[in-house]
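Chain A is the first sequence line, chain B the second, and so forth, proteins listed ahead of strands; every chain is numbered from 1. Keep in mind that this is a model prediction, so the values were computed, not measured.
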2 protein chains.
Amino acid sequence: MGTDIQETFRALADPTRRDILNMLSHEDMTIAQVAGHFDMTRAAVKKHLNVLEQGQLITVRTSGRERINRFHPEGFKPVFDWLGYFDGFWDDRLSALKNAIETKDTSDD
Amino acid sequence: MGTDIQETFRALADPTRRDILNMLSHEDMTIAQVAGHFDMTRAAVKKHLNVLEQGQLITVRTSGRERINRFHPEGFKPVFDWLGYFDGFWDDRLSALKNAIETKDTSDD
DNA sequence: TTAAATAGATACCAAAAGGTATCATGTCAA
DNA sequence: TTGACATGATACCTTTTGGTATCTATTTAA
């Protein structure tokens with residue numbers, strides 16, 4: 001568990017889910033709020049949110065009857081780690097980025 | 001055409017294809033050579049290579065009856081560009097990486 | 001308390017994805 | 001030229017994926 005890179009890559013492979021990530025990076029949103037931006041049912045959006053949660057790209061907290069989805073940038077770490085295998089192709093400047101991610105990871109909420 | 005980000009993310013979403021990319025980052029390989037590393041048919045490997053080519057993550061050249069697959073790191077550019085939307089979350093150190101990619105892009109072979 | 005709002009859970013469906021098997025084509029080498 | 005080899009192209013199958021519809025549960029507010 002934890003850093004299942006496959007789940008993260010899978011989560012990123014859908015355009016709707018990438019759009020959702022962009023939206024959530026600006027503000028936390030409930031399922032209904034996210035669904036309001038798409039021409040699809042709330043159930044379909046919920047499925048996408050489930051996939052994003054499995055990929056650890058969002059976290060979810062419950063507030064009353066609402067389910068609030070929050071962007072979780074630390075979830076990108078396995079992706080950057082994987083990209084790191086190709087260091088030789090883009091020098092080693094990738095490590096700076098990886099450090100940036102890892103530093104961010106120390107914050108909690 | 002050109003930089004279809006969806007095709008690139010799609011190509012990265014499969015573990016076999018990510019393995020293939022790692023292999024090709026070390027040396028160019030024919031279809032048969034790639035297939036030799038997996039417990040699946042040559043046709044299946046060929047499909048994966050097609051997806052990687054559509055995602056612009058590899059290039060293909062023909063030499064006689066052989067089809068030689070080459071890692072194409074520039075294909076990652078749309079991915080890094082997309083990640084750039086989240087600059088605010090990991091400072092702006094991502095731009096260093098993007099510059100690295102773009103610089104590499106000027107090389108030919 | 002009761003009605004409306006938010007969300008969860010299933011069942012179901014069509015299309016895409018990952019894979020195999022098979023046959024056709026082009027190429028190297030004796 | 002002829003046979004073996006590397007690949008291309010289809011057809012087909014199964015599972016996963018993205019989506020809808022429907023029903024249930026919980027929570028808020030009048």
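Applying the side-chain hydrogen bond (donor to acceptor under 3.5 Å, both in side chains) rule to A:D19 yields no partners; only residues at least two apart in sequence or on another chain are considered. The side-chain contact (heavy atoms from CB on, under 4.5 Å) check on A:Q33 picks up A:M29, A:T30, with sequence neighbours excluded. With sequence neighbours left out, the side-chain hydrogen bond (donor to acceptor under 3.5 Å, both in side chains) criterion links B:K46 to B:N50. Residues forming a side-chain contact (heavy atoms from CB on, under 4.5 Å) with A:A44 (at least two apart in sequence, or on another chain): A:M40, A:T41. By the salt bridge (Lys or Arg N to Asp or Glu O under 4.0 Å) test, A:D28 is found to be paired with A:R61, A:R70, residues two or more places apart in sequence or in another chain being considered. Under the salt bridge (Lys or Arg N to Asp or Glu O under 4.0 Å) criterion, A:E53 pairs with A:R67, not counting sequence neighbours. For B:R10, there are no side-chain hydrogen bond (donor to acceptor under 3.5 Å, both in side chains) partners at least two apart in sequence or on another chain.
Taking the side chain as every heavy atom from C-beta outward, B:F71 and B:T59 never approach each other to under 4.5 Å.
How far CD1 of B:I68 is from OG1 of B:T62: 8.5 Å, rounded to the nearest 0.5 Å. Considering CG of A:L24 and CG of A:N69, their distance stands at 6.0 Å, rounded to 0.5 Å. In this structure, CZ in B:F76 is found 5.0 Å from CG in B:L57, a value given to the nearest 0.5 Å.
Here the closest non-hydrogen pair linking A:T16 and A:H48 is CG2-CD2, 3.8 Å.
Heavy-atom contacts of chain B under 4.0 Å fall on DNA chain C between two terminal nucleotides, which in 5' to 3' order are C:dA17 to C:dC28.
For the segment residues 16-27 of chain B, the set of residues with a heavy atom within less than 4.0 Å of an atom of DNA chain C comprises B:R17, in numerical order. Residues from residues 38-50 of chain A lying near DNA chain C, meaning a heavy-atom separation below 4.0 Å, are A:R42, A:K46 in numerical order.
End-to-end axis angle of the helix from C:dT1-D:dA30 to C:dA30-D:dT1, from C1' rotation axes over five pairs per end: 20° (rounded to 10 degrees).
Look at A:R10 and you'll find a side-chain N or O under 4.0 angstrom from OP1 or OP2 of D:dT17. Distances shorter than 4.0 Å separate none of the side-chain N or O atoms of B:T62 from OP1 or OP2 on D:dT7.
Residue pairs satisfying the ring-ring contact (aromatic ring centres under 6.0 Å, His included) criterion with at least one member in residues 8-41 of chain B, sequence neighbours excluded, are listed as follows: B:F9-B:W82.
Between B:R67 and A:E66, the residue anchored nearer the 5' end of DNA chain D, judged by the nucleotide with its closest heavy atom, is B:R67.
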